[in-house]
Amino acid sequence: MKHHSLNALLAIVAVLLLVAAHFGWIDNYIQIVVMTIGINIIMSTSLNLVNGNMGEFTCGHAGFMCVGAYVSSIISVLCFGSKFGDPMLPAGSVLFVFPFILLIGGAVAAVSSLLVSVPSFKTRDDYLAIISIAVNYMIISALENMNFIGGSRGFQGMKDTYWAMIDIFDGPWMLFWVINFTIFTVWVIRRFISSTYGKVVIAICQDEVAAEIMSVNTNKIKIINFMVAAGLAGCAGGLYAHIIGYVNPQSFNILKSTEAMVMVYLGGMGSLSGAIISAILFTTLMEILRSQAIIDGMLSPVTFIFPDWEPSAGVIKWVMIPLLLVIVMQFRPEGIMGNRELSDVFPKLKKFYRFK
């Protein structure tokens, strides 16, 4: 018998968030923070599939997010926008079509992961990291030179899709889609890891040579694992593009990939629970650091010595993120959860979502 307590709890939380957003009990800023947490959960859990569960080391995950963002945006504008002429589809179909738009963006991102997964057959560690960074910059450079989609100026027009949803029902639609795709991502990853493919991924992480001796097609498994991770990152990119209503290639540079890596290592390699917890903590910390009062308090000793130095919130962010990573590596290199799940720390939780 399968217990649905956890599913019911998630559904209740999701409904409460949507109701609160619809009636204005939480303002737009809180909604943006919640959506950012959702996107970061998708990014951290998907990268954890590669860097954690499979034991590879890639540093260009934001490149796949970029592919998904642009592909979803272009299709969205073609279907419901006016940037390229008359919309291809009636506005009333937007609620049915939009999730498929995000999934198409994810599918194209999954295919683009072959640029990293195929070289992973012969490379390891630092070399694979260099290849993934190179692919990240290849994607950014290619998009910056495509003038028909804005080039380095970026691409916009996705808000037409959002307004088409609002015309049907005035509700927090992007929050709705982010919540659903976040839950979908966690479900997919959990099912994948507990499947036969997932067990083989873990075997490759433990000893790839031994896995090959046991007749495991490691190349095939690597491709599947990379494609699942990149596809989910592509869906996150599509959500991000439609929340902002604008995408620029430089929004997905190595700094964005670094954020995903920090969340993975903060939560614990190979821990789905850790990746979710770290995404929540990381996003919350970054939002707290936006406060000028907190920044001034942190830097008061420094500004006393250097009175002319007035760092921006962005500068502080990229001081704190590497510092956070250094602190984690020094005092808890295994991350918050290590390779454990919440059910390992609190065994009584197993009855809420495990089969009996």
Side-chain angles (χ1 to χ4, degrees), residues 42-68 71 103-142 184-237 252 254 257-258 260-261 263-265 267-272 274-275 339:
I42 297 174
M43 287 296 291
S44 62
T45 53
S46 60
L47 180 60
N48 195 41
L49 273 178
V50 179
N51 285 25
N53 296 108
M54 195 163 65
E56 298 285 1
F57 184 50
T58 64
C59 304
H61 205 53
F64 308 124
M65 186 181 184
C66 182
V67 172
V71 171
L103 291 173
I104 292 171
V108 176
V111 173
S112 70
S113 72
L114 294 174
L115 293 171
V116 176
S117 61
V118 172
S120 74
F121 300 162
K122 299 294 183 181
T123 56
R124 297 288 185 277
D125 302 328
D126 296 344
Y127 297 101
L128 182 59
I130 293 170
I131 290 172
S132 63
I133 293 173
V135 169
N136 195 163
Y137 277 102
M138 285 168 56
I139 293 170
I140 291 173
S141 298
F184 170 74
T185 297
V186 175
W187 178 80
V188 166
I189 291 176
R190 188 165 174 273
R191 297 290 293 180
F192 178 77
I193 291 302
S194 60
S195 69
T196 303
Y197 285 110
K199 301 301 182 185
V200 175
V201 167
I202 296 173
I204 292 173
C205 177
Q206 296 296 324
D207 193 326
E208 185 173 344
V209 175
E212 289 178 344
I213 292 173
M214 296 300 292
S215 303
V216 173
N217 188 340
T218 57
N219 291 347
K220 174 185 175 182
I221 297 301
K222 285 183 178 181
I223 288 177
I224 293 173
N225 197 64
F226 269 104
M227 291 185 75
V228 171
L232 294 172
C235 292
F252 308 97
I254 188 62
S257 295
T258 303
M261 286 195 298
M263 287 184 281
V264 169
Y265 291 112
M269 301 290 284
S271 172
L272 178 59
N339 61 356

Checking Asn53, Val209, Thr218 against Ile204 for side chain to side chain contact (heavy atoms under 4.5 Å, CB included), the one that qualifies is Thr218

Give me the atom names and distance for the closest heavy-atom approach of Ala109 to Gly234. CB-CA, 3.8 Å

Short side-chain to backbone donor-acceptor contact, Ser46 and Met43, under 3.5 Å: yes

Interatomic distance, Lys222 atom NZ to Ser117 atom OG [nearest 0.5 angstrom]: 10.0 Å

Assess whether atom CZ of Phe192 is packed by more than 12 heavy atoms of other residues, nucleotides or ligands within 6.0 Å. yes

Heavy atoms of Ala110 and Ala230 approach each other most closely as CA-CB, 4.1 Å

Are side-chain heavy atoms of Phe252 and Ile139 found at a separation under 4.5 Å? no

Once you round to the nearest 0.5 Å, how far does CD1 of Ile254 lie from OG of Ser132? 7.0 Å

To the nearest 0.5 Å, what is the distance between CE on Met261 and OG on Ser44? 13.5 Å

Spacing of CD1 belonging to Ile193 relative to CD1 belonging to Ile202, to within rounding of 0.5 Å: 5.5 Å

pair Met54-Leu49: side-chain heavy atoms closer than 4.5 Å: no

Donor-acceptor check, side chain of Thr45 to backbone of Leu272, threshold 3.5 angstrom: yes or no? no

Can you name the residues that form a side chain to side chain donor-acceptor pair (under 3.5 Å) with Thr58, not counting sequence neighbours? Asn51

Run the side-chain contact (heavy atoms from CB on, under 4.5 Å) check on Met227 and Phe64 step by step: do they pass? CA-CA 10 Å; Met227 291 185 75; Phe64 308 124; over 6 Å; no

Given side-chain contact (heavy atoms from CB on, under 4.5 Å), test Leu115 with Ile131 step by step and report yes or no. CA-CA 9 Å; Leu115 293 171; Ile131 290 172; over 6 Å; no

Please round to the nearest 0.5 Å and tell me the distance separating atom NE2 of His61 and atom CG of Asn48. 10.0 Å

Between atom CG of Asn136 and atom OG of Ser257, what is the distance when rounded to the nearest 0.5 Å? 4.0 Å

Listed partners of Tyr265 passing ring-ring contact (aromatic ring centres under 6.0 Å, His included), at least two apart: none

